[in-house]
Structure formats: C-alpha cells, structure tokens
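We name chains A, B, ... by the order of the sequence lines, and we start the count at 1 in each one.
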Amino acid sequence: MTGHSRRATPDVTESLAMRPRVRFAPSPTGFLHVGGARTALFNWLYARRHGGTFVLRIEDTDVERSSDDMVTGILSSLTWLGLSWDEGPGVGGPHAPYFQTERLDTYRAAASHLVEAGAAYYCYCRPDDLAAKREAAQAAGSAWTYDRTCHALSPEDVARREADGQARAVRFLVPPGITTFTDLVRGHIEFAREHIEDFVIIRSDGHPTYHLSVVVDDVEMEITQVVRGDDHISNTPKQVLLYEALGAPVPEFAHVPLILGPDKKRLSKRHGATSVGEYETQDYLPEAMINFLALLGWSPGGNQEVFSRDELVERFTLAGISGGNAVFNAEKLDWFNQQHLMRLPSEEILRRLRPALTAAGLWRDTFLTTEAGWIARVIDLLKPRARKLGQLVPALAPFVSDEVVYDEAAVIKHLKGDGVADHLAAWREVLQALPTLEPAPTEAALRALADARGIKPGVLIHATRVAVVGQAVSPGLFEVLELVGRGRVIERLRTHSS
RNA sequence: GUCCCCAUCGUCCAGAGGCCUAGGACGUGGCCCUUUCAAGGCCAAAACACGGGUUCGAAUCCCGUUGGGGACGCCA
C-alpha cells in the first residue's frame with residue numbers, strides 16, 4: 001500500500017454514497033396499474049442506470065383494503081415486466097421487513113418522539129365530527145383545515161379524556177412559514193404552510209397514516225430519490241416537514257406526470273385495460289410494454305423509438321421526464337409489440353411459444369434439434385406478419401402438422417373456379433418432377449406452366465396458397481412451399497385437384 | 001372554493017433565444033415493392049392555446065388570461 005490508497009479511499013466512499021437508493025411502494029389495494037408500473041419502471045431504470053438499489057416496499061397500512069392476493073398479483077406483474085427488486089418481499093434485505101404492517105412499532109416510536117419534542121400532539125376529535133365540520137365548510141364554499149381544538153386542550157382536559165379512555169390520534173403540528181423543495185423534473189416548488197392542516201400521523205387505532213409511514217421508512221431505508229406520481233406533489237410539503245421534524249435528510253423528489261385515458265381523464269377501467277396483468281393476458285410482450293411505458297412521459301432526446309431494456313437503462317435520466325400528463329395510446333402499444341416481436345430471435349420466439357404449441361398439440365422436441373434450422377426459418381418468415389406472439393400458433397400449424405384449417409371464403413374464391421382443379425393437377429405433376437422446391441426455380445416453373453395453359457400466374461398462385469395453408473393470405477408462396485415441404489405440398493394439392 | 005402542477009400535429013415525444021419555411025413516431029390518406037398479407041421505402045395532410053412584455057431576434061425567458069390535470073381523508 002502506498003500513498004495512493006489513502007487518496008483512493010475517500011473516492012470510493014464517495015462513489016458508494018452517490019449510488020442511489022430508490023423504491024417503489026405500492027399499496028396492495030388493487031392490481032398493478034399501468035401508471036404504477038411506469039413509476040416502478042422509472043425507479044428501476046434510475047437504479048440500474050446508476051448502479052443503485054431498487055427497493056420494493058408494500059404499503060399495506062390500510063388494513064381494510066389491502067390483501068395478500070393483491071400483493072401476489074403486484075409481484076407477479078413486476079416480475080413479468082422484468083423489474084427485479086434488490087430489496088423487498090421474497091429477497092429480504094438489510095432493512096427488512098418490507099411490509100409496513102410489520103413495522104408498526106417503528107412508526108409509533110417515531111410518533112411518540114415527535115409528540116415529546118412538541119412537533120405533534122394527541123387529538124381526541126371524532127372523525128365523524130370532523131367530517132361534518134369539513135362538509136359544512138365545503139357547503140359554504142370555503143376550505144377547511146383542522147382547527148387545532150386539541151392542540152389548545154389544557155392539561156386537565158387531556159387528563160380527563162385519558163381517564164375516560166377516549167381514543168386519540170396523533171396530529172403533526174404544522175409550523176407557520178413556507179416549505180420549499182426542489183423537484184427533479186419540475187424545479188423549485190413552494191407551499192405556504194397556512195394551507196396545510198395539522199395532518200394525522202397516527203390513527204386512533206394505532207396505525208400510522210401514509211405520511212408518517214412513508215417518511216419513516218424512506219428515512220430508515222436510506223432512500224435518496226423519491227420518484228413517484230404527480231398526484232403526490234401536494235403531499236410532499238407535509239412529508240418534508242416530517243423529515244425536518246425527525247432530523248433526517250430530505251431526499252430528492254421527482255414527480256412524474258400521470259397517465260390519462262383518451263378523454264384526458266385519469267386512466268381508469270372504463271378506458272379499457274388498466275392493469276399490467278390484463279396486458280400480460282392479452283399476449284403483449286413485456287419488452288414492448290416496457291418500451292411503450294418508458295416513452296410515455298419520458299424521452300431520451302433523439303428520434304429512436306424502439307429500445308431494448310438495456311438501451312433504456314443506458315439512456316435513462318430523470319431530467320428527460322416531461323412535465324405534462326400523457327394519454328395512453330393503445331395503438332402505439334400494438335405497434336411496439338410488433339416491432340419487438342420482429343426483433344425477437346426466432347429461437348426465443350420458439351421458446352416462448354412452446355407452452356402454446358404444446359397445448360395445441362403442435363410441439364415436438366425435434367424443433368430444438370434436427371428441425372431447429374428449419375423451424376427458425378419458418379418463424380422468421382411469419383413474424384413480421386404477426387402483431388401478437390400467439391398469432392404465430394395458427395400460422396405455424398400448416399408448416400408443422402398435417403392439419404390444415406381451411407377458410408371457407410378463401411376456398412370458394414380460389415379453389416372452386418372453373419378449371420382450377422385441373423390446373424392444380426398439372427401443377428402437382430410439375431412439382432413432382434422438380435429436383436427441389438427452391439423458390440426461384442419453383443416460381444419459374446409455375447409461371448411457365450401458367451403460360452402454357454394460357455392462364456394468369458395469379459390463378460395458380462392463389463389456388464396453391466389456399467390449398468397448402470388454407471388461407472388466402474400467407475408469406476410469399478414460394479418460400480412457403482419450400483418450407484412446408486414437398487410431401488405435404490403434393491398431398492394437399494392432391495386433395496384439391498382433379 | 002383553496003392550493004399546486006402542466007400547456008408543440010388527433011396521440012406520444014424532439015426543441016433548453018437565432019440551426020425552426022418547427023423534427024421524429026403512432027394513427028390517417030396516397031404511391032412504390034408485389035402472387036396475397038405483412039414488413040420496408042417514398043410522399044401528403046396535421047401543432048408552437050391566447051394576450052402582453054423582455055430582446056436586434058422567442059416554440060424557447062417573464063407576467064397575465066384561458067384550458068386541462070392533481071391535491072385538499074384517522075386512503076395510499
């Protein structure tokens with residue numbers, strides 16, 4: 001060790017300190033919404049981009065509405081999207097547990113600390129009474145903030161209520177002044193505290209409210225950047241106040257715009273699918289979903305649209321998040337799906353298709369061995385014509401099995417015409433005589449035959465297509481014939497020729 | 001009602017004072033390729049909300065108006 005190491009040490013320490021710790025903290029009161037998924041994605045991208053840590057924390061303090069099934073569903077959707085978490089449910093971590101209901105003592109301790117420090121006080125008001133006051137004020141057209149009744153209670157009053165065993169909540173005492181914070185996407189934001197009421201931090205049932213638990217956990221879990229939805233922006237000053245009262249460093253904030261439906265209203269069920277799980281069910285590729293979501297409200301700056309997960313990680317910056325809300329455009333998602341499908345290697349497509357092919361009775365293990373090259377060519381031919389992965393299953397059928405499903409309209413249009421059966425018989429003879437079904441010579445042979453018989457090549461082409469694949473549409477006929485293979489082609493022509 | 005945020009083609013974005021007769025993508029229309037369908041290529045229509053400033057010069061900076069969104073819970 002030389003003098004160098006002494007200089008190097010602080011650098012290393014500093015670079016470690018720079019590593020961000022971000023988190024996604026869903027409440028398990030519903031499925032993973034696409035908006036939540038995008039928030040998770042931005043956090044994940046930021047962590048991965050900077051070699052930081054992505055924490056997943058479950059905010060289940062609303063015991064009434066939270067459920068284990070929802071937790072499972074959310075984890076499953078995140079996993080499907082490939083947003084792996086470094087700390088959280090299932091993987092644990094230095095700040096476990098990651099379920100808030102398992103951390104209640106921590107919140108109570110923090111609240112007691114705040115009460116002792118005079119930063120918070122007990123409140124014996126009944127929720128019903130407060131709601132009534134609030135409604136009355138609203139009816140009168142004015143805003144209502146808690147009137148601090150309980151802050152004004154004399155020690156005797158308090159003693160009597162305690163003796164009566166009255167339920168008490170804990171309220172944070174909002175000091176006068178102005179709270180400011182810097183938002184990484186919007187810049188400087190400030191709130192006059194006169195508009196902020198003394199908010200409840202511990203409910204009368206002893207459970208913490210969101211404001212307390214989120215701050216206590218973010219402090220304890222050493223979260224450095226809070227990346228979350230725009231709808232939290234007005235909560236932020238309350239939380240900044242809490243950080244300060246707790247004597248904790250305030251993290252940086254980045255509020256990302258909301259995702260809207262086509263009518264510019266917050267995306268909801270009536271706009272169609274809103275949960276990630278539905279898109280999974282609808283056979284979208286997770287990489288397409290990621291790409292689409294990333295570009296909703298964020299831009300790397302150039303003109304490129306299609307990005308792999310790694311490319312997104314490489315380019316992600318919080319500063320690239322735009323300020324305005326974004327409308328969810330399902331058609332563009334479809335386009336991304338197709339683009340990613342086309343870019344997926346055929347082996348990968350085959351791997352993902354295996355369950356569906358098996359279910360359809362079309363799978364055989366030789367796809368992985370002796371037939372690997374052949375099936376890859378078939379997939380490459382079909383994939384630019386598919387919008388969804390699953391569409392490849394029926395498209396693959398005429399290539400991999402003897403079963404051909406005939407489209408009635410196509411049969412009538414292209415196989416029932418005058419002389420068609422006869423033309424196909426002649427064409428079958430020609431094919432049988434050909435040394436191979438290589439596209440170019442096969443096409444030449446077909447055109448020569450059509451010429452000899454005085455018909456347009458299209459007549460033979462269309463008839464052959466329907467006879468071989470059962471549909472009026474397919475990839476280029478001659479590539480299809482070669483890959484279907486002479487045996488099956490001849491056989492299918494035989495059943496449709498005279 | 002109060003507070004906060006936002007404002008470029010129908011939609012998603014580019015644009016960080018002159019590079020803008022505003023660029024890309026989805027979608028739409030047309031053309032090309034072609035045996036069908038895709039993919040791909042080319043072309044077209046399509047936007048700086050409005051009004052004031054600041055500046056030699058503004059989509060870009062400031063103010064206001066309007067519009068949209070969000071928050072005002074013992075929900076998160």
Taking atom [atom2] of [N] as reference, at what distance in whole Å does atom [atom1] of [X] sit?
{"X": "A/R228", "N": "B/G70", "atom1": "CZ", "atom2": "P", "result": "17 Å"}
{"X": "A/L333", "N": "B/G27", "atom1": "CG", "atom2": "C1'", "result": "14 Å"}
{"X": "A/D217", "N": "B/A76", "atom1": "CG", "atom2": "P", "result": "12 Å"}
{"X": "A/I233", "N": "B/A71", "atom1": "CD1", "atom2": "C1'", "result": "10 Å"}
{"X": "A/F191", "N": "B/C3", "atom1": "CZ", "atom2": "P", "result": "11 Å"}

With a non-hydrogen cut-off below 4.0 angstrom, is [X] in contact with a base, only sugar-phosphate, or nothing?
{"X": "A/S213", "answer": "nothing"}
{"X": "A/H232", "answer": "base"}
{"X": "A/E190", "answer": "sugar-phosphate"}

Whole-Å [atom1] distance, [N] and [M]:
{"N": "B/G30", "M": "B/U66", "atom1": "C1'", "answer": "38 Å"}
{"N": "B/A7", "M": "B/C50", "atom1": "C1'", "answer": "12 Å"}
{"N": "B/G51", "M": "B/A46", "atom1": "C1'", "answer": "25 Å"}
{"N": "B/C62", "M": "B/U11", "atom1": "P", "answer": "25 Å"}
{"N": "B/U8", "M": "B/A58", "atom1": "C1'", "answer": "14 Å"}
{"N": "B/U21", "M": "B/C12", "atom1": "C1'", "answer": "25 Å"}
{"N": "B/C56", "M": "B/C43", "atom1": "P", "answer": "40 Å"}
{"N": "B/C31", "M": "B/A45", "atom1": "C1'", "answer": "15 Å"}

Which nucleotide, in any strand shown, forms a Watson-Crick or G-U wobble pair with [N], with both distances under 3.5 Å?
{"N": "B/A71", "value": "B/U2"}
{"N": "B/A44", "value": "B/U28"}
{"N": "B/G64", "value": "B/C50"}
{"N": "B/U36", "value": "none"}
{"N": "B/C19", "value": "none"}
{"N": "B/G57", "value": "none"}
{"N": "B/A14", "value": "none"}

| task | State which residues pass ring-ring contact (aromatic ring centres under 6.0 Å, His included) with A/Y122; sequence neighbours excluded, sorted by chain then number. | result |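 Once residues adjacent in sequence are excluded, A/Y122 has no partner under the ring-ring contact (aromatic ring centres under 6.0 Å, His included) criterion.
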| said: Please find the pair of heavy atoms, one from A/L81 and one from A/P286, that lie closest to each other, and give the distance. | reply: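 The answer is CA-CB, 4.2 Å.
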| Between A/V174 and A/R193, what is the shortest heavy-atom contact and its length? |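 Minimum heavy-atom contact is CG1-CB, 3.9 Å.
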| Those residues of residues 283-292 of chain A lying under 4.0 Å from RNA chain B by at least one heavy atom |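 None, since no heavy atom is under 4.0 Å.
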Applying salt bridge (Lys or Arg N to Asp or Glu O under 4.0 Å) as the test, list every pair that has at least one member in [range]; sequence neighbours left out.
{"range": "residues 27-37 of chain A", "result": "none"}
{"range": "residues 169-184 of chain A", "result": "none"}
{"range": "residues 437-451 of chain A", "result": "A/E443-A/R447"}
{"range": "residues 127-140 of chain A", "result": "A/K133-A/D147, A/R134-A/E197"}

| request: Output, in order, the C-alpha distance, side-chain angles, deciding distance and verdict of salt bridge (Lys or Arg N to Asp or Glu O under 4.0 Å) for A/E305 and A/K332. | output: CA-CA 11 Å; A/E305 300 273 340; A/K332 192 152 187 180; 3.2 Å; yes
| field | Along RNA chain B (nearest heavy atom to each residue), the more 5'-positioned of A/K265 and A/T29 | value |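 Counting from the 5' end, the first nearest nucleotide belongs to A/K265.
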| field | Whether A/F253 and A/F181 hold their rings parallel, tilted or perpendicular, with breakpoints at 30° and 60° | value |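 The arrangement is perpendicular - the two ring planes meet at more than 60°.
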| field | Pairs where residues 468-483 of chain A contributes a residue and the test side chain to side chain donor-acceptor pair (under 3.5 Å) is met, not counting sequence neighbours | value |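 Qualifying pairs, neighbours excluded: A/R377-A/E482, A/R465-A/S474.
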| said: For a quick check under 3.5 Å, do A/S497 and A/R428 share a side-chain donor-acceptor pair by atom type? | reply: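 Their side chains do contain a donor-acceptor pair, which is all the 3.5 Å distance test asks for.
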| A/R161 and A/D164 ion-paired at < 4.0 Å |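 So A/R161 does not pair with A/D164 through a salt bridge.
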| Pairing of A/R343 and A/E287 as salt bridge, 4.0 angstrom limit |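 So A/R343 does not pair with A/E287 through a salt bridge.
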Tabulate atom names and distances for all N/O pairs under 3.5 angstrom spanning the protein and nucleotides 72-74 of chain B.
{"from": "B/G73", "atom 1": "OP2", "to": "A/R134", "atom 2": "NE", "distance (Å)": "2.6"}
{"from": "B/G73", "atom 1": "O5'", "to": "A/E197", "atom 2": "OE2", "distance (Å)": "3.4"}
{"from": "B/C74", "atom 1": "O2", "to": "A/S204", "atom 2": "N", "distance (Å)": "2.7"}
{"from": "B/C74", "atom 1": "O2", "to": "A/S204", "atom 2": "OG", "distance (Å)": "2.8"}
{"from": "B/C74", "atom 1": "N3", "to": "A/S204", "atom 2": "OG", "distance (Å)": "3.0"}
{"from": "B/C74", "atom 1": "N4", "to": "A/C125", "atom 2": "O", "distance (Å)": "2.3"}

| message | I need a per-nucleotide contact map over nucleotides 6-20 of chain B, read 5' to 3'. Cutoff is protein heavy atoms under 4.0 Å; write B for the base, S for backbone only, - otherwise. | response | S----BBSS------
| request: Using a 4.0 Å heavy-atom cut-off, write out nucleotides 35-41 of chain B from 5' to 3' as B (base contacted by protein), S (sugar-phosphate only) or - (no contact). | output: BBBBSS-
| Straight-line distance of A/Y284 OH to A/I290 CD1, nearest 0.5 Å |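 Atom-to-atom, A/Y284:OH and A/I290:CD1 are 15.5 Å apart.
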| field | Those residues that, when tested against A/H195, pass side-chain contact (heavy atoms from CB on, under 4.5 Å) (two or more places apart) | value |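 Only A/A192 meet the side-chain contact (heavy atoms from CB on, under 4.5 Å) criterion with A/H195.
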Quick one: which protein N/O atoms are closer than 3.5 Å to N/O atoms of nucleotides 44-47 of chain B? Pair and distance per line, please.
none

| So which of A/W335, A/F328, A/Y279 actually passes ring-ring contact (aromatic ring centres under 6.0 Å, His included) with A/F292? |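 So, applying the ring-ring contact (aromatic ring centres under 6.0 Å, His included) to A/F292 and each of A/W335, A/F328, A/Y279, only A/F328 qualifies.
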| query | Is a side-chain N or O of A/R228 found less than 3.5 angstrom from the main chain of A/A254, in a donor-acceptor match? | reply |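 No: the side chain of A/R228 does not pair with the backbone of A/A254.
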| field | salt bridge (Lys or Arg N to Asp or Glu O under 4.0 Å) between A/D231 and A/R266, intermediate numbers included | value | CA-CA 11 Å; A/D231 47 339; A/R266 205 172 165 157; 3.1 Å; yes
